[in-house]
Amino acid sequence: MATVSHTFSKDEKLCSQKLIEDIFHKKDTQSHLRFPILAVWKFTPLPSTSPAQVLFSISVRNFKKAHDRNRIRRQLREIYRLHKNTFYDFLIKKQMQCALVFMYVAKEKLPYESLEGACKELLKHITRGENE
């Protein structure tokens with residue numbers, strides 16, 4: 001297994017408008033909810049060398065203040081950065097690339113531990129789902 005550094009570079013950010021539209025229009029996408037995070041993903045070739053590209057989405061409707069949305073986004077990014085190793089190892093082993101969106105669906109701020117548990121479980125679910 002290749003070791004993946006604990007960084008979150010520009011290459012790992014999902015920026016392609018076409019890919020984002022494909023994901024949100026449900027073209028060959030899969031999704032799974034583990035409260036408070038909904039993950040939507042698609043295994044597809046990406047315009048980068050990274051095994052996965054990720055987008056973090058927090059609703060303006062639920063969090064009016066930008067600093068609240070930014071804090072949740074920072075927490076989700078940090079959790080993903082720390083726990084992406086097994087997910088990346090899986091993608092590299094299968095020679096696949098994945099576009100992934102994490103959407104925060106709760107209407108209130110939740111503790112870091114609940115976010116971490118949800119994110120870890122979602123990453124495990126994505127790797128298990130492809131193995132079955």
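Computed from heavy atoms alone, side chains included, the values below leave out hydrogens, waters and symmetry copies.
- The environment of NE2 in His25 is sparse: at most 12 heavy-atom neighbours from other residues, nucleotides or ligands sit within 6.0 Å.
- In this structure a side-chain-to-backbone donor-acceptor pair under 3.5 Å is present from Arg81 to His6.
- Using a 4.5 Å heavy-atom threshold, the side chains of Val54 and Trp41 count as separate.
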Problem set entry | Residue pair Thr86, Phe90: steps toward the side-chain contact (heavy atoms from CB on, under 4.5 Å) verdict | CA-CA 6 Å; Thr86 54; Phe90 163 77; over 6 Å; no

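- With a 4.5 Å cut-off on side-chain heavy atoms, Leu14 and Leu19 count as touching.
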For this session: Go through the steps to decide whether Lys10 and Cys15 satisfy the test side-chain contact (heavy atoms from CB on, under 4.5 Å), and finish with yes or no.
Result: CA-CA 9 Å; Lys10 173 80 171 138; Cys15 300; 3.5 Å; yes

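- Closest approach of Glu12 and Thr7 over heavy atoms only: OE1-O, 3.3 Å.
- Counting heavy atoms from C-beta outward, Lys94 and Phe43 have side chains that stay 4.5 Å or more apart.
- Using a 4.0 Å cut-off between charged side-chain N and carboxylate O, Glu121 and Lys124 make no salt bridge.
- His32 pairs by the ring pair (Phe, Tyr, Trp, His ring centres under 6.0 Å) definition with His125, not counting sequence neighbours.
- Screening Arg77, Lys84, His83 for a side-chain contact (heavy atoms from CB on, under 4.5 Å) involving Tyr80 leaves a single residue, Lys84.
- A salt bridge links Lys18 and Asp22; the closest N-O separation between the charged side-chain nitrogens and carboxylate oxygens is under 4.0 Å.
- Considering all non-hydrogen atoms of both residues, Gln75 and Leu115 come closest at OE1-CD1, 3.3 Å.
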Taking only distance into account, with no hydrogens and no angle test, what donor-acceptor pairs under 3.5 Å do side-chain atoms of residues 97-109 form with protein atoms, sequence neighbours excluded?
unit_1: Gln97; atom_1: OE1; unit_2: Leu46; atom_2: N; d: 2.7
unit_1: Gln97; atom_1: NE2; unit_2: Ser48; atom_2: O; d: 2.8
unit_1: Gln97; atom_1: NE2; unit_2: Ser50; atom_2: O; d: 2.9
unit_1: Tyr104; atom_1: OH; unit_2: Glu108; atom_2: O; d: 2.8
unit_1: Tyr104; atom_1: OH; unit_2: Leu110; atom_2: N; d: 3.3
unit_1: Lys109; atom_1: NZ; unit_2: Asp68; atom_2: OD1; d: 3.3

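- The two residues Leu38 and Ser31 come nearest to each other via the heavy atoms CD1-CB, 4.3 Å.
- Put simply, the side chain of Gln53 gets close to the backbone of Asp11: a donor and an acceptor are under 3.5 Å apart.
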Could you go through residues 57-66 and list every donor-acceptor pair under 3.5 Å that involves a side-chain atom there, pairing it with any protein atom two or more places apart or in another chain?
unit_1: Ser59; atom_1: OG; unit_2: Arg61; atom_2: N; d: 3.0
unit_1: Lys64; atom_1: NZ; unit_2: Arg61; atom_2: O; d: 3.0

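- Phe8 places none of its side-chain heavy atoms less than 4.5 Å from the side chain of Glu78.
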